[in-house]
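Here, residue 1 is the first one in the sequence, and each next residue gets the next number.
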Amino acid sequence: MKRKILKGLLSLSIGLSAFTYTSANAQTLSDIHQKQAENQAKKQEKNAEIKDVQGQQDQVLEELQKIESTLQQTLNDIQTKKTEINDTKNEIQSLKDQIAKIQKRIKERDAILKERVRSMYESGGAVKYLDVVLGSSSFGDFLDRLISLNMIAESDKSILEDQKRDKAAVEQDKQHVEQKLNSLNAKLQELNGLNDKLSAQKEAKNRLSASLKKKETHLHEDVTSIEEKNQILSAQEKAVKEEMARAKREAEQRKREEAARKEAAKRAAERQQERHDSAPSPAPTHSEPSVSANFIWPANGYVSSPFGKRFGGSDFHPGIDIAQAGSDNAISAAASGTVARSYLSSSYGNVVFISSYIDGQLYTTVYAHMSERAVSTGQSVTQGQRLGTMGNTGHSTGQHLHFELHKGEWNYAKSNAVNPIPYLR
């Protein structure tokens, strides 16, 4: 009767243990699926942002093309105006030469007129003309002298008219050239201002284009990191299933070992009873299966950076850094489990993720920045088994092991990370 009760209790204990494993695993897988769904939604959101940024880039490039076209036209106009200004300057130089000639003629005429006035003044002016006519020796001489006097008068009149006309032409040419030159300089100044404005717009659009390109690159990096997270979560899901199978196998093995131990104890008791009929039968013993929750140190060394906030609270360190002490730089599994993922990460460097079930609780350990890895994804490892060698890969500033312990599955927010120190022995 007692044996039946003990067998019943043992079966119930194993059944409850299996139920606990199954429930815990189901909950863990559900959490992983939820995280995967969240990451997929984030990926779709990031892809939408990338599409929006690419649309903005297309618009900026279109505006840049318009600015470039206008800028080129403005540069052409500037060159045309510069050519016109140069031609005008040549025209001015030609006019200056003409003006110089005119001014020379004016100066010569001024000298003639001054001489004429001086002569008239010395000779008594118009009276002397009359003397010249009346002093003729004959009528023919009279006519000759009269014609000569008319020719002199006409010449003086012509000189005066030429003088007046040349002076007016000089002033008109000067005014026309100055107006044209001022107009061209004003237009050139306006075009230079437009050129500066367009150049500034082009520079601003180029900066915006570069900014959008940088933003697109960062968004692509975010999508890549989301894909990496999903890969890790998928790998963890597979590792959890492997751990479920391993836990079941271990539970069944413990069940067989317990049954064998019970059977051996029963036979020993029966033999003792046969030898000592008068002695009381020993009470059957029972011990619950248990798995040590302790983890061993994954490497020989000292903690160079502890778990928690550091650098004045501006940075949270989700694990501990173990620096090498001595010549031993090997990295070992802190607990038995299944390698969820072994790969080269841009941030973790050479990294190994291990999923472990201990007393019905899922733990995830992370071993990062290794120089090389000795295990592969999906592989079962035992506590103390070599995983790789300390290194300086990924985002690292020196050879060390970055070790994380997560009570549950690993997630990108590191919300399940716990201080490994209390768990290590």
Residues at least two apart in sequence or cross-chain that pass ring-ring contact (aromatic ring centres under 6.0 Å, His included) with F353, listed by chain then number, are Y348, W410
Just wondering, more than 12 heavy atoms not from Q385 lying within 6.0 Å of its CD? yes
Between the side chains of Q236 and S355, does any donor sit under 3.5 Å from an acceptor? no
Which of parallel (below 30°), tilted (30 to 60°) and perpendicular (above 60°) describes F295 and Y363?
perpendicular
With sequence neighbours left out, the residues meeting side chain to side chain donor-acceptor pair (under 3.5 Å) with R249 are none
Handout entry: Pairwise side-chain contact, F403 with L424, heavy-atom cut-off 4.5 Å (strictly under)
Key = yes
With sequence neighbours left out, the residues meeting side chain to side chain donor-acceptor pair (under 3.5 Å) with N329 are none
Flag side-chain contact, heavy atom, 4.5 Å: K255 against E258: no
**Study point:** Donor-acceptor side-chain pairing of R373 and S376 below 3.5 angstrom
**Key:** no
One should read off an interatomic distance between S342 OG and Q379 CD, to the nearest 0.5 angstrom, of 8.5 Å
Note to self: Looking at R267, I want to see if its CZ is surrounded by more than 12 non-hydrogen atoms of other residues, nucleotides or ligands under 6.0 Å.
What the structure shows: no
Note to self: I'd like to check T377 versus K238 (side-chain heavy atoms, cut-off strictly below 4.5 Å). Are they in contact?
What the structure shows: no
- Run the numbers on I354 and V375 for side chain to side chain contact (heavy atoms under 4.5 Å, CB included), then give the verdict. CA-CA 10 Å; I354 296 179; V375 293; 5.9 Å; no
*Taking S336 for its side chain and Q383 for its backbone only, find out whether a donor-acceptor pair lies under 3.5 Å.*
yes
Within-4.5 Å side-chain heavy-atom neighbours: N416 and E409
yes
Residues at least two apart in sequence or cross-chain that pass side chain to side chain donor-acceptor pair (under 3.5 Å) with E257, listed by chain then number, are Q253
Any side-chain to backbone donor/acceptor pair from T338 onto A340? Under 3.5 Å, distance only. no
Rounding to 0.5 Å, atoms OG1 (T389) and CG (D328) come to a distance of 9.5 Å
_Tell me whether T393 contacts the main-chain N or O of M370 through its side chain, where contact means a donor paired with an acceptor under 3.5 Å._
yes
Between F307 and F316, how do the two ring planes meet: parallel, tilted or perpendicular, split at 30° and 60°?
-> perpendicular
> Taking S183 for the side chain and Q179 for the main chain, is one N or O donor matched with an acceptor at less than 3.5 Å?
Replying inline: no
CG of L344 to CD of E372, rounded to nearest 0.5 Å, is 13.0 Å
Check: residues 317-324 side-chain donor-acceptor pairs under 3.5 Å, at least two apart:
residue: H317; atom: ND1; partner: P306; partner atom: O; Å: 2.8
residue: H317; atom: ND1; partner: G319; partner atom: O; Å: 3.0
residue: H317; atom: NE2; partner: D321; partner atom: OD1; Å: 3.3
residue: H317; atom: NE2; partner: H402; partner atom: ND1; Å: 3.3
residue: D321; atom: OD1; partner: H402; partner atom: ND1; Å: 3.0
residue: Q324; atom: OE1; partner: Q399; partner atom: NE2; Å: 2.5
residue: Q324; atom: NE2; partner: G326; partner atom: O; Å: 2.8

P298 and Y367 have their tightest heavy-atom pair at CB-CE2, 3.8 Å
query: Can I296 and R425 be said to form a side chain to side chain contact (heavy atoms under 4.5 Å, CB included), step by step?
result: CA-CA 5 Å; I296 63 171; R425 59 176 172 84; 3.9 Å; yes
Is a side-chain N or O of D359 found less than 3.5 angstrom from the main chain of Q361, in a donor-acceptor match? no
Between the CG atom in N300 and the CG atom in L401, the distance rounded to the nearest 0.5 Å is 11.0 Å
field: Derivation of the side chain to side chain contact (heavy atoms under 4.5 Å, CB included) call for I421 and V303
entry: CA-CA 10 Å; I421 300 293; V303 177; 4.2 Å; yes
Sorted by chain and residue number, the side chain to side chain donor-acceptor pair (under 3.5 Å) partners of N185 (sequence neighbours excluded) come out as none
